[in-house]
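Notes follow the structure.
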Amino acid sequence: MELSRCRICQSQISEIISFGKMPIANAFVEQSLQNEYRFNLIAGYCTSCYMFQLLEQPNPDQMFHESYPFFTGLSMTMKKHFVEMSKNHIPDEIVNNKDSFIIEIGCNDGTFLQNVMDKKIKHLGVDPSKNVVEKAQEKGINAIAEFYSAEISRTIDEKYGKAIRIFASNVICHIPDMHDFFQGIKNNLSPEGEFIFEEPYLLSMLKKTSYDQLYDEHVYMFSLMSIQKIADMYDLILVDAIAQDTHGGSMRYVLKHESTGQKLSQQGLNLLDEERKYELDKLQTYQTFAMNCESRKQEFVTLLNTLKLQNKVIGGYAATSKSTTVLNYCGIDKNLITFISDSTPEKIGTVAPGSHIPIISHEEMRAMKPDYLVLFAWNHEKEIMEKEHLLTQQGMKWIKFVPEVGLINEK
Ligand code: DWN
């Protein structure tokens, strides 16, 4: 068993599962590259600070750059989700105070900050990918194309003062240097402020065996246990946690300065109890997860091969980041899945990382009348089933692989 050092507490940690040599999840390229960059996608778990984490991660500049191909605003589900988030976590006393200042880290195309700007609150969006920041700026949102860091937090503090709210959604799990990041939060958060962030939830992933949430960008998979540990290192305290349906099961964490004296809510205490009951603090739990991943892989490949032998046309729906892990871990290429359709203009006409499956538009896909579509954006099932109800009515069948492998809506 290979041993590495925990990214958070430097304890020795063990490898849980290796998914093999993996390309960058969002490296959708114009043509099949022979020397495509790959890294070892290996997950490990630290029994000292409870952090589930990747043992290797590519250089951040390889993942987040001026042509990052993911845009939050393409999902109606996420747009509605962020309206709820702003309503529930930006009370009137903040809206009505002209000195209020709100930061969003990882603001992408400004989908969340649009709500803050509409409330006429002083704000700042920070995101390393220039192309998505430009989309935010086009909406009139105050945003900068930078990696958030302790250093930039000092510049922000000098220019804007303390933030009463700091938000981050599906961002923190992408940041390898958690210590530098949390030092920045400590610098920017006002004495009574709240740091509110949400990420795919470790317990959801374990329960659903949704191993496709593990890819180069997602270097951590958090739990309340691991968040409490790292918050404590920066005199911050977890005061609430709210389960979310987004991205297949996420958790929204609310942190404050320890000096506020606030304690963890009953809701948070109940979630911690569930983590203990599921034995998130035991290595065996993760070894079981690894075995479940292998089982899903065999079941998925067997199903696709069976349908292929019946000369069925099998496509994929939504060229998600997650799909890169599934396709490369399971060794699936265009001989099994002929194409993947997607709504992102920047992805259409490229090929998927590693598998080199061509990416086409949904309109082109419908014209091809596939027999089956693998739903790679399973976390958006409701939204997509509504959008593509005609395809389903015409007899096209949806294949899922999370939480089980099989056909959707077929018992
Ligand atoms: O953490 C991350 C989450 C927030 O978004 C990032 N690291 C990257 C990204 O992950 P993802 O690509 O797995 O996100 P989604 O939202 O599960 O999938 C987005 C992809 O699905 C896009 O390429 C667009 C496509 N899509 C589509 O074609 N039709 C999505 C929807 C909802 C649709 O109806």
Side-chain angles (χ1 to χ4, degrees), residues 28 69-84 111 204 208-210 212-213 244-250 296-297 299-327 330 332-352 355 357-411:
F28 292 87
F70 171 77
F71 302 91
T72 306
L74 280 178
S75 160
M76 283 312 295
T77 305
M78 295 313 289
K79 276 183 174 177
K80 290 173 191 163
H81 177 74
F82 289 128
V83 171
E84 169 274 328
T111 299
S204 298
K208 294 183 176 176
T209 314
S210 50
D212 59 342
Q213 282 287 14
Q244 304 293 316
D245 292 337
T246 51
H247 290 289
S250 298
R296 291 291 181 285
K297 169 180 172 179
E299 292 159 16
F300 188 37
V301 173
T302 301
L303 174 60
L304 295 179
N305 278 314
T306 303
L307 296 175
K308 206 65 191 169
L309 285 172
Q310 297 166 10
N311 295 318
K312 299 297 183 186
V313 174
I314 309 170
Y317 192 100
T320 60
S321 313
K322 300 187 290 291
S323 67
T324 299
T325 295
V326 183
L327 293 168
C330 297
I332 297 166
D333 61 17
K334 55 192 167 195
N335 295 317
L336 268 183
I337 294 179
T338 316
F339 60 82
I340 301 173
S341 64
D342 196 276
S343 59
T344 312
E346 289 79 358
K347 290 183 182 178
I348 294 166
T350 68
V351 294
S355 65
I357 296 172
I359 311 300
I360 63 175
S361 69
H362 293 314
E363 294 69 27
E364 289 168 294
M365 172 273 290
R366 294 185 195 102
M368 293 175 78
K369 298 189 184 307
D371 298 305
Y372 293 88
L373 283 176
V374 176
L375 181 60
F376 285 116
W378 50 269
N379 44 309
H380 296 304
E381 179 178 336
K382 185 173 179 298
E383 177 178 347
I384 292 170
M385 288 302 125
E386 284 165 9
K387 270 182 202 170
E388 302 297 351
H389 67 280
L390 285 178
L391 261 180
T392 312
Q393 282 169 12
Q394 289 158 5
M396 197 287 299
K397 296 184 188 316
W398 295 93
I399 295 172
K400 64 177 180 180
F401 51 88
V402 171
E404 294 90 23
V405 171
L407 300 186
I408 295 176
N409 302 330
E410 297 234 334
K411 295 299 170 207

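In this text the structure is predicted, and so the values were computed from the model without any measurement. Computation of the quantities below employed the complete heavy-atom set of this structure, encompassing side-chain atoms and omitting hydrogens, waters and symmetry-equivalent molecules. Numbering of residues begins at 1 and proceeds along the displayed sequence.
- Side-chain atoms of E383 come within 3.5 Å of backbone N or O of M76 as a donor-acceptor pair.
- Without hydrogens or angle criteria, E388 side chain to M385 main chain gives no donor-acceptor distance under 3.5 Å.
- The shortest heavy-atom contact between P370 and M396 is O-CG, 3.1 Å.
- For the pair T306 (side chain) and T302 (backbone), a donor-acceptor distance under 3.5 Å is present.
- Between F401 and F376, the angle of the ring planes lies from 30° to 60°, which puts this pair in the tilted group.
- Nearest heavy-atom pair across I332 and I357 is O-CD1, 4.3 Å.
- Taking the side chain as every heavy atom from C-beta outward, L304 and V374 approach each other to under 4.5 Å.
- Of the possible donor and acceptor atoms, one in the side chain of R296 sits under 3.5 Å from a partner among the backbone N and O of P403.
- In this structure, E84 does not pair ionically with K80, as no charged nitrogen and carboxylate oxygen lie closer than 4.0 Å.
- With sequence neighbours excluded, the residues forming a side-chain contact (heavy atoms from CB on, under 4.5 Å) with L303 are L307, I399, V405, listed by chain and number.
- The shortest distance between side-chain heavy atoms of V351 and K334 does not fall below 4.5 Å.
- Without hydrogens or angle criteria, Q213 side chain to S204 main chain gives no donor-acceptor distance under 3.5 Å.
- Side chains of F82 and T72 form a contact here, defined as non-hydrogen atoms less than 4.5 Å apart.
- No donor-acceptor distance shorter than 3.5 angstrom exists from the side chain of D333 to the backbone of S355, with no hydrogens or angles considered.
- Contact between S75 and H380 at its shortest, heavy atoms only, is OG-CE1, 3.5 Å.
- Side-chain contact check for T344 and D342: at least one donor-acceptor pair (N or O, by modelled atom type) lies under 3.5 Å.
- Contact record, K297 with C330: CG-SG, 3.8 Å, taken as the closest heavy-atom pair.
- The nearest pair of heavy atoms linking S341 to M365 is CB-CB, 3.6 Å.
- Heavy atoms of other residues, nucleotides or ligands lying less than 6.0 angstrom from CG of D245 number 12 at most.
- Separating the CD1 atom in I384 from the NE2 atom in H389 is a distance of 14.5 Å, to the nearest 0.5 Å.
- You'll find the side chain of W378 stays beyond 4.5 Å of the side chain of T320, heavy atoms only.
- If you check the side chains of K322 and N379, you find a donor sitting under 3.5 Å from an acceptor.
- Atom CH2 of residue W398 and atom CD of residue E381 lie 9.0 Å apart, to the nearest 0.5 angstrom.
- Without hydrogens or angle criteria, S323 side chain to A319 main chain gives no donor-acceptor distance under 3.5 Å.
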Pair E364-S361, side-chain hydrogen bond (donor to acceptor under 3.5 Å, both in side chains): steps then yes or no: CA-CA 5 Å; E364 289 168 294; S361 69; 3.0 Å; yes
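- Within a 6.0 Å sphere centred on NZ of K79, other residues, nucleotides and ligands contribute 12 heavy atoms or fewer.
- Between L373 and F339 the shortest side-chain heavy-atom distance falls below 4.5 Å.
- The two residues I340 and I337 come nearest to each other via the heavy atoms CG1-CG2, 4.4 Å.
- A heavy-atom distance below 4.5 Å is found between the side chains of Q244 and H81.
- M78 has its side chain within reach of T246: a pair of non-hydrogen atoms, C-beta onward, lies under 4.5 Å apart.
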